[in-house]
There are 2 protein chains.
Amino acid sequence: MKAYLDNGSGAPVDPRVLQEMLPYYIEHVGNPSSFHSEGFKALKAINRAREQVAAFINADPTEITFTASATEATNLAIIGTANRYKNKGNRIISSAVEHISTVNICKDLTRSGWEYEQASVDRYGVVNLDILDQLTTDKTVIVTVMAANGEIGTIEPIKDAAAIAHAKGAYFHTDATAALGKIPLDVKQLDTDLMTLSSNDINGPKGVGALYVKKTIRPRPVIIGGGQEQGMRSGTENTPGIVGFGKAAELAQQELTEESKRLTELRDHLIKGLTTTIPEAHLNGHPTNRIPNNANVRFSYIEGEALTLSLDDVGVQCNTGSACAAKTLEPSACLLATGLKPEDAHGSLVFTLGKANNKEQIDYVIQVLPDIVKRLRAMSSITPQELK
Amino acid sequence: MKAYLDNGSGAPVDPRVLQEMLPYYIEHVGNPSSFHSEGFKALKAINRAREQVAAFINADPTEITFTASATEATNLAIIGTANRYKNKGNRIISSAVEHISTVNICKDLTRSGWEYEQASVDRYGVVNLDILDQLTTDKTVIVTVMAANGEIGTIEPIKDAAAIAHAKGAYFHTDATAALGKIPLDVKQLDTDLMTLSSNDINGPKGVGALYVKKTIRPRPVIIGGGQEQGMRSGTENTPGIVGFGKAAELAQQELTEESKRLTELRDHLIKGLTTTIPEAHLNGHPTNRIPNNANVRFSYIEGEALTLSLDDVGVQCNTGSACAAKTLEPSACLLATGLKPEDAHGSLVFTLGKANNKEQIDYVIQVLPDIVKRLRAMSSITPQELK
């Protein structure tokens, strides 16, 4: 049995998406800036993708800037907004459970005089709105709170967070990488100014992302050059990638309701199966208000790395913490922010489910993991005797 | 007959390259930072691509940073180096025929106190090394001269330009987008510190580029985040794109000698065919020291846009100037720098040949273009009577 359950780190491209992309690799290869029929075809394909992505979040197509990754989109959102509106103030506020890219971008800005503070979260990882409100002063230029946390699955109250930012005259950005395609996102209803979008997280190709930029805000470009993407992001357009992202958005929009329901059932089956059959196995993140594809479970007394490798040996791929933060050997900053002790944070597994997963695979994990946990606990010197 | 001759703006992916990419879309989709077998597979594939790209320019794999475009690579090279080494000085020098992305990056830096000057070129577009030497003072941090000009085809004396930069203690960057795969490039022999590389220009996928960064220099990252690419460029790796770029580099290295010879013959056939059969048709750029795939011919008294559209009507795609600069309606800055008057610069066609082109297609262009030129000249009020 094979069960790839690390879709949040890297997901398969939907075959229907790949099908749409293929003609743009070999057949229609014009540069959308070229003044001939092949250039016009490329431009048309990109504009269609822009409409598809915009429609998915209820934006206007002109409000979508394609980038090469969610990380690049967040750079454009935060660095670009900070640089453009630095006369308004010098503060940036985020939640304490943002993605490592957001945190590192904000920290980097402190080197050029910006103040960066994080609003704490509760035990489930939900941002404390009172703290967010206190930290957001009239010197705050940007408030950024993710739409949902890809590691612990918790959905954040971004509509409320946006209202807090706006009340203080700050712009609001949300990283919707983990939320897109999992929960409905409507930029008008949420009243967000900027939203980071990822293609691969909705089974589009890697190497593509986008930033929603409300018409009333204009971040300063981070990548300078030929003035593509309405001057917001230069570089020859990745036509196949953009076309793929567009198709993925269209499919995700059509299938969100049904697929969310299916994934929620699988997820809850997995969480229940693990936490009821394995002693001292606990869910991380919010018990109910979580994205449908995420199950994050901690197993006391053992290390996540040993767990992932043991599961990999029997055909199951999952993660411990976030792949994006794997370069540090530190315990998950996100779990620590929820109040876990470092030793507890270390023994967590993140399962991110996707389109290709089914109940048989989840049953398989529920079947194989108890023995793995037992074996690893038996080898661990900190395991209490009664669990060995 | 179809003849796509705008490969410099957008090129087909080599089918052998696409074949290598496909497994990474659906089958092997792990994140190279993930701690399991699918993550390790992705990491291995990326490292192999890094070796392939490095081998092509005689670099060490650790000196290759993958980006999402040549433009992004040039941003990292110039902005990153300027920001890292600003204590060394405040001057940036380039040739007068750099790509619009390089020019706009350098101009953008003048907003934060940098001085930017361009060394003039001769009538063929070759940078004037004496002027370059004069402009490069001990306050110069970066000198950037492209390896070859993608619009007029001229190959630049970058080894000499690098020596000038180094004699003044400045770093040397070259944009090798148009040169890669067309002429041999050896970073050690050229003694360049930074080199921008493009995937699509060697029939790899769009949306991928790379920056060669000599071990002795460390630009400040432009895109901040999870610390991928040895901390130099963050964002989840575009595994299929990177794999494709690697394969394209491997193939280009194997086939460079033979393909250059074939393209040179086609190019010279095209240039001769057009300039001998059409009155007042003149080659732009250097007559001999030019990349094998570029023919840039100007036709007095008519507009490039009308020419490209008329050619497109009969199945031939080419460009007028650079697609990347098409957003401005200005005459080509590059042709003006070679001393052409604006009215002459306007009537130029850029043919960029590629792997998929053959002699029949070139013959076809030579056959159809004279009548098109004649017809457009007949409609132009500035055409002398004897040419109508």
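Below, each value reflects all heavy atoms present in this structure, side chains not excepted, and no hydrogens, waters or symmetry copies. Chain naming here is simple, since letters A, B, ... match the order of the sequence lines and numbering starts at 1 in each.
Looking at A/I79, only its side chain comes within 4.5 Å of chain B, counting heavy atoms on both sides. Of the two parts of A/L18, only the side chain, counted from C-beta on, holds a non-hydrogen atom closer than 4.5 Å to a non-hydrogen atom of chain B. No part of B/I242 comes within reach of chain A, as not one of its non-hydrogen atoms sits under 4.5 angstrom from that chain. For B/F66, no part lies under 4.5 angstrom from a heavy atom of chain A. Heavy atoms closer than 4.5 Å to chain B are found nowhere in A/P221, neither backbone nor side chain.
Contacts with chain B were tallied for A/R233, A/K107, A/R220; A/R220 has the most, counting heavy-atom pairs under 4.5 Å. Chosen from A/V103, A/V29, A/N7, the residue pairing most often with chain B at heavy-atom distances under 4.5 Å is A/V29. For the set B/G235, B/P240, B/S198, the count of heavy-atom pairs under 4.5 angstrom toward chain A peaks at B/G235. Counting heavy-atom pairs under 4.5 Å between each of B/G304, B/G225, B/G231, B/G244 and chain A puts B/G225 at the top. Chain B forms more heavy-atom pairs under 4.5 Å with one residue of A/P15, A/S101, A/G241, A/A42 than with any other, namely A/S101. Listed options A/G30, A/A356, A/G39 were ranked by heavy-atom pairs under 4.5 angstrom with chain B; first place goes to A/G30. Contact count versus chain A (heavy atoms, under 4.5 Å) is highest, among B/T308, B/I223, B/V17, for B/I223.
With rounding to the nearest 0.5 Å, the separation of CD in B/Q317 from CG in A/N31 is 13.0 Å. With rounding to the nearest 0.5 angstrom, the NZ atom of B/K206 is 8.0 Å from the OG1 atom of A/T236. Between B/I224 atom CD1 and A/I100 atom CD1 the span is 12.0 Å, to the nearest 0.5 Å. In this structure, the separation between CG on B/N104 and OG on A/S234 is 7.0 Å, given to the nearest 0.5 Å. Here B/R111 contributes atom CZ and A/N83 contributes atom CG; the two are 9.5 Å apart, rounded to the nearest 0.5 Å. With rounding to the nearest 0.5 Å, the separation of CZ in A/F35 from CG in B/L309 is 4.5 Å.
Side chains of B/H28 and A/Y4 form no contact here, defined as non-hydrogen atoms less than 4.5 Å apart. When side chains are defined from C-beta on, A/D6 does not count as touching B/E38, because their heavy atoms never get closer than 4.5 Å.
Shown here are the salt bridge (charged side-chain N to carboxylate O under 4.0 Å, His left out) partners of B/R84, two or more places apart in sequence or in another chain: there are none. Take A/A178 and apply the side-chain contact (heavy atoms from CB on, under 4.5 Å) test, not counting sequence neighbours, and it matches A/I291.
For residues 20-27 of chain B, the interface with chain A (any heavy-atom pair closer than 4.5 Å) comprises B/M21, B/L22, B/Y25, B/I26, sorted by residue number. Residues of residues 67-76 of chain A lying under 4.5 angstrom from chain B, judged on non-hydrogen atoms, are A/A68, A/S69, A/T71, A/E72, A/N75 by number.
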